[in-house]
Amino acid sequence: MLNYKNSDPYIEGVSLYELVKVCETPFYVYSQEKIINQVNKTKEILGNNIFYSVKSNSNQAILKLMQSLGIGADVVSSGELKRALKAGFDPKKIIFEGVGKSEQDLLYAIHKNIRLINTEALEEIKLINNLAKEKNKTVDIGVRLNPDIDGETLSKISTGKKTDKFGIDIDNVDKIIELVKACKSLNLVGISCHIGSQISKIEVYKNMFNQMKKIADKFFESGIMIKHIDLGGGFHVKYKDSDPDFNIEMVKQELDNCFAKTKYELSFEPGRYLIAESGIIITSIITIKNNGGIDYLIVDAGMNTLIRPAMYGAHHEILAINSNSEQFIDYTIAGPICESSDMFSKNIRLAKQKIGNLLVIKNSGAYGKVMSSNYNSRPLPSEILIYKDNYAIVYSPEKIEKTIETDNIPSWL
Ligand SMILES: Cc1ncc(COP(=O)(O)O)c(C=O)c1O
């Protein structure tokens, strides 16, 4: 994402050194140009029925940008639904799913007349029917199925196996059909699945597409005229140079093979693929030390800024900005949080660093800021959006004093 002018680092036309003057590290930076290119490429290959997975990055500026590019939104809570509506998404381009929606969540979604609510449990179908009846409405629903397909990805981001908590087990398709026929306030208009994230193997997509087509036909033959099949998100992002190559055109090839001349409208819900590579974190080196022969760089970004390495064992490439030294050292890069798992990378070879130097944590646009926390009473990171020669701070955290004020001390203390 960085380019260099006279050896100074830039994001699009904005100098990184300029950003560091206006924003305290650690902070996130996004390139609008890169997001636009990625969304347009995805639309060109997979078509216009793309529903951006809001959970991956829900900043209002990012949502407004996604909306302006003509795609829809996939939300998993009423909070995300409110964010999507505020950013200007047409309710008819919003899908609401999620493994545990409360009655309030469902009522809000019904009230807002969104495209559809994707249900993930037989009990939830009954509840939506009751709520719709009370409100004198007919509600469009989809069912998220669990097709029992191993996404062959990290276990913590795998969601499509029979025993996973997500979706409705495909063995229950007959029960769904029977139930939906009895639910007079519902229209079952689509089926969906999402079997996990970071899925690179084309065979997995092929199995999933075939499985979903078979199930869609079964619904159709039973007299439930579903209109669309939503094939989820999960497209692979190359976080490591050694990661397998992933080509979305191969997914399109399998899609065409499986759904040639289909009667169903096909859609996808990518998050990571649209935004991960368009974001970086800028962090400063706070201190340097050697413990037991390990050369540590302790930086001001931690698991509170980006939790993916600590939570999933995920890898992010790290780049040094100041690398004038001729001497190279294998560094271990860790955050300031009092947890051993607060570690970004072990043994990465960088030019010798000094305190105050800047490092860049790459491919952090998805599941980054949205998962950040105030752990250890540290402020949340800021976010900056770049477009050509312009930048805007699109999120400024509240001061930690303000966060502390939200606690209450009871009268008896
Ligand atoms: C139902 C659903 N759809 C889409 C996504 C987006 O996944 P990804 O960011 O890997 O594309 C997720 C992520 O967890 C999800 O749960």
Side-chain angles (χ1 to χ4, degrees), residues 35 38-39 41-43 45-46 49-59 62-63 66 71-77 79-81 84 93-101 105 109 114-121 124 141-147 149 151-161 164-168 190-201 204-205 208 212 228-239 243-244 246 248 251 266-279 306-308 311-312 314 316 363-371:
I35 298 170
Q38 187 70 357
V39 171
K41 171 181 149 185
T42 309
K43 277 169 64 182
I45 296 171
L46 295 180
N49 281 320
I50 304 287
F51 295 84
Y52 169 61
S53 181
V54 167
K55 69 166 83 82
S56 60
N57 186 325
S58 59
N59 184 288
I62 299 295
L63 295 185
M66 294 294 182
I71 58 179
D74 169 46
V75 301
V76 293
S77 69
E80 283 192 355
L81 176 51
K93 283 180 121 176
I94 301 178
I95 299 171
F96 187 2
E97 54 198 323
V99 73
K101 305 175 205 75
D105 287 335
I114 61 171
R115 173 181 161 99
L116 62 86
I117 302 172
N118 260 339
T119 61
E120 300 211 20
E124 192 180 56
I141 62 159
V143 278
R144 176 175 174 184
L145 294 160
N146 183 324
I149 293 176
E152 299 185 39
T153 179
L154 294 173
S155 65
K156 287 183 182 157
I157 49 176
S158 170
T159 57
K161 283 184 286 176
D164 289 330
K165 70 173 176 175
F166 300 96
I168 304 179
I191 59 169
S192 77
C193 75
H194 170 77
I195 60 170
S197 214
Q198 279 295 76
I199 295 172
S200 59
K201 292 199 178 150
V204 172
Y205 288 97
M208 187 253 286
M212 290 300 282
H228 30 87
I229 307 180
D230 179 339
L231 296 157
F235 304 131
H236 187 271
V237 166
K238 205 170 163 84
Y239 284 103
D243 274 356
F246 172 74
I248 199 152
V251 174
L266 304 173
S267 58
F268 289 92
E269 308 161 350
R272 186 188 309 275
Y273 187 74
L274 299 184
I275 185 95
E277 291 176 66
S278 305
L306 176 73
I307 203 172
R308 299 187 67 256
M311 189 153 112
Y312 306 128
H316 286 259
N363 299 329
S364 308
Y367 306 104
K369 164 61 179 44
V370 279
M371 289 189 178

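None of the values given here were measured: they were computed from a predicted structure. All heavy atoms count here, side chains included; hydrogens, waters and symmetry mates do not. Whatever order the structure lists ligands and atoms in, that order sets their numbers, starting from 1.
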Checking the side chain of [X] only, and the main-chain atoms of [Y] only, is there a donor and an acceptor separated by less than 3.5 Å?
{"X": "Asn146", "Y": "Phe166", "result": "yes"}
{"X": "Tyr367", "Y": "Ala276", "result": "no"}
{"X": "Glu120", "Y": "Gly100", "result": "no"}
{"X": "Lys55", "Y": "Val370", "result": "no"}
{"X": "His194", "Y": "Gly233", "result": "yes"}
{"X": "Tyr205", "Y": "Ile199", "result": "yes"}
{"X": "Gln38", "Y": "Tyr273", "result": "yes"}

For [X] and ligand 1, does the shortest N/O to N/O distance drop below 3.5 Å?
{"X": "Ser56", "value": "no"}
{"X": "Arg272", "value": "yes"}
{"X": "Tyr273", "value": "no"}
{"X": "Lys55", "value": "yes"}
{"X": "Phe235", "value": "no"}
{"X": "Gly234", "value": "yes"}

Taking only non-hydrogen atoms of Ala366, do any sit less than 4.0 angstrom from ligand 1?
no

Any heavy atom of Phe166 sitting closer than 4.0 Å to ligand 1?
no

Under 4.0 Å from a heavy atom of [X]: give me the atoms of ligand 1 that qualify, with their elements.
{"X": "Glu97", "result": "1 (C)"}
{"X": "Asp74", "result": "3 (N), 4 (C)"}
{"X": "Pro270", "result": "11 (O)"}
{"X": "Tyr367", "result": "6 (C), 7 (O), 8 (P), 9 (O), 13 (C)"}
{"X": "Glu269", "result": "1 (C), 2 (C), 3 (N), 4 (C), 5 (C), 6 (C)"}
{"X": "Arg144", "result": "1 (C)"}

Has Lys43 got more than 12 heavy atoms of other residues, nucleotides or ligands less than 6.0 Å from its NZ?
yes

Indicate the atoms forming the closest heavy-atom contact of Asn118 with Glu269, along with that distance.
ND2-OE2, 4.2 Å

Pi-cation contact, Phe51 with Arg115 (under 6.0 Å, within 45°):
no

Logged contact type for Ser53 with ligand 1, heavy-atom cut-off 4.0 Å, is side chain

